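Structure first, commentary second.
Remember, predicted model here, so these are calculated numbers, not experimental data. The basis for the numbers below is simple: all heavy atoms, side chains too, and nothing from hydrogens, waters or symmetry mates.
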Amino acid sequence: MDETEFWEIVDSTREAAEGDPDDHAELLVEHLVRLDPDAVLDFARHFEARFQRTYTWDLWAAAAVLLGGAGEEAFDAFRCWLIGRGREVFEGAVHDPEALAELLEDFDPAVDGDGEEFGFAADEAYEALTGVETPDLGLAPPPLEPVGDPLDVTDDSELAERLPRLWDRFGG
């Protein structure tokens with residue numbers, strides 16, 4: 001599976017789910033179980049590589065602004081949700097988290113931002129196909145700390161200073 005196919009699967013299942021993150025995860029599992037186990041592992045590798053790319057202070061700050069606060073677990077769920085938004089939103093946010101101010105039409109923290117189930121979809125599909133847990137994907141270990149300039153993601157003034165456009169649109 002190449003990167004284009006990965007994003008096509010993400011997009012088609014998101015569109016079918018009509019924006020509901022839980023439905024998106026279920027539809028993704030349903031799609032993946034129709035593939036062979038090696039293709040599911042390829043999908044998992046693509047997902048994990050992108051998940052690791054999102055481990056940055058600026059994206060953590062964006063999650064905190066959008067969600068009204070984000071601890072480690074909420075940030076992980078946000079990172080999965082971000083991948084689920086598709087290539088354009090994902091790449092735009094990774095390149096410049098401030099771009100989320102323009103890339104997101106709206107954001108409802110009660111519905112949006114939690115892609116935890118989406119993050120487990122490949123594991124669930126692989127186990128359904130094989131009866132065993134997903135093996136090691138052979139990727140480099142994730143960084144121990146987020147990439148970039150650290151900040152206090154609980155300090156509204158730091159968040160507003162780091163991401164002013166996003167803060168003006170969705171903060172406080």
If you compare all heavy atoms of T56 against all heavy atoms of P146, which two are closest, and at what distance to 0.1 Å? C-CB, 3.8 Å

Answer yes if Y126 and L139 sit in the same cluster of Ile, Leu, Val, Met, Phe, Trp and Tyr residues linked by side chain heavy atoms under 4.5 Å apart, and no otherwise. yes

Closest approach of F6 and I83, non-hydrogen atoms and distance? CZ-CG2, 4.0 Å

Rounded to the nearest 0.5 Å, how far does CG of L27 lie from CD of E15? 11.5 Å

Checking the side chain of W60 only, and the main-chain atoms of A70 only, is there a donor and an acceptor separated by less than 3.5 Å? yes

Minimal non-hydrogen separation, D42 against M1, with atom names: OD2-N, 3.2 Å

Linked, directly or transitively: L137 and V10 (ILVMFWY side chains, under 4.5 Å): yes

Does F120 have more than 12 heavy atoms from other residues, nucleotides or ligands lying within 6.0 Å of its CZ? no

Checking R50 side chain against H46 main chain: does a donor-acceptor pair fall under 3.5 Å? yes

Least distance between heavy atoms, L28 atom then A121 atom: CD2-CB, 3.5 Å

Look at the side chain of E124 and the backbone N and O of A25, then say whether any donor-acceptor pair between them is shorter than 3.5 Å. no

What's the separation between atom CH2 in W167 and atom CZ in R162, rounded to the nearest 0.5 Å? 14.0 Å

Verify salt bridge (Lys or Arg N to Asp or Glu O under 4.0 Å) between R165 and D168, making sure each step is shown before the conclusion. CA-CA 5 Å; R165 291 189 337 256; D168 286 346; over 6 Å; no

With a sphere of 6.0 Å drawn around CD of E102, does it hold more than 12 non-hydrogen atoms of other residues, nucleotides or ligands? yes

At what distance, to the nearest 0.5 angstrom, does CG of L59 lie from OG1 of T54? 6.5 Å

Within the side chain of D149, is there an N or O that forms a donor-acceptor pair under 3.5 Å with the backbone of L151? no

Distance col, row T13:OG1 vs L32:CG, nearest 0.5 angstrom, shows 8.0 Å

Whether W7 and F90 hold their rings parallel, tilted or perpendicular, with breakpoints at 30° and 60°: tilted

Is the backbone of P97 close enough, under 3.5 Å, to the side chain of D58 for a donor and an acceptor to pair up by distance? no

Sidechain-backbone polar pair: R169 side chain, L104 backbone, donor-acceptor under 3.5 Å: yes

Just say parallel, tilted or perpendicular for the rings of F118 and H24, cut-offs at 30° and 60°. tilted

Would V89 and V111 show up in the same hydrophobic cluster when neighbours are defined by side-chain heavy atoms closer than 4.5 Å? no

Point-to-point distance, once rounded to the nearest 0.5 Å, from CG of D108 to CG of L66: 11.5 Å

Separation of L35 CG from L41 CG (nearest 0.5 Å): 11.0 Å

Carefully, step by step, assess V147 and R53 under the rule side-chain contact (heavy atoms from CB on, under 4.5 Å). CA-CA 9 Å; V147 174; R53 283 182 60 201; over 6 Å; no

Donor-acceptor pair, E117 side chain versus D22 backbone, under 3.5 Å? no

So with a 6.0 Å cut-off around CD of E3, is the heavy-atom count from everything else above 12? yes

Between the main-chain N or O of L166 and the side-chain N or O of E98, is there a donor-acceptor pair closer than 3.5 Å? yes

Exercise: identify the closest heavy-atom pair between L129 and D36: CD1-C, 4.3 Å

In terms of heavy-atom contacts, A74 and L67 come closest through O-CD1, 4.2 Å

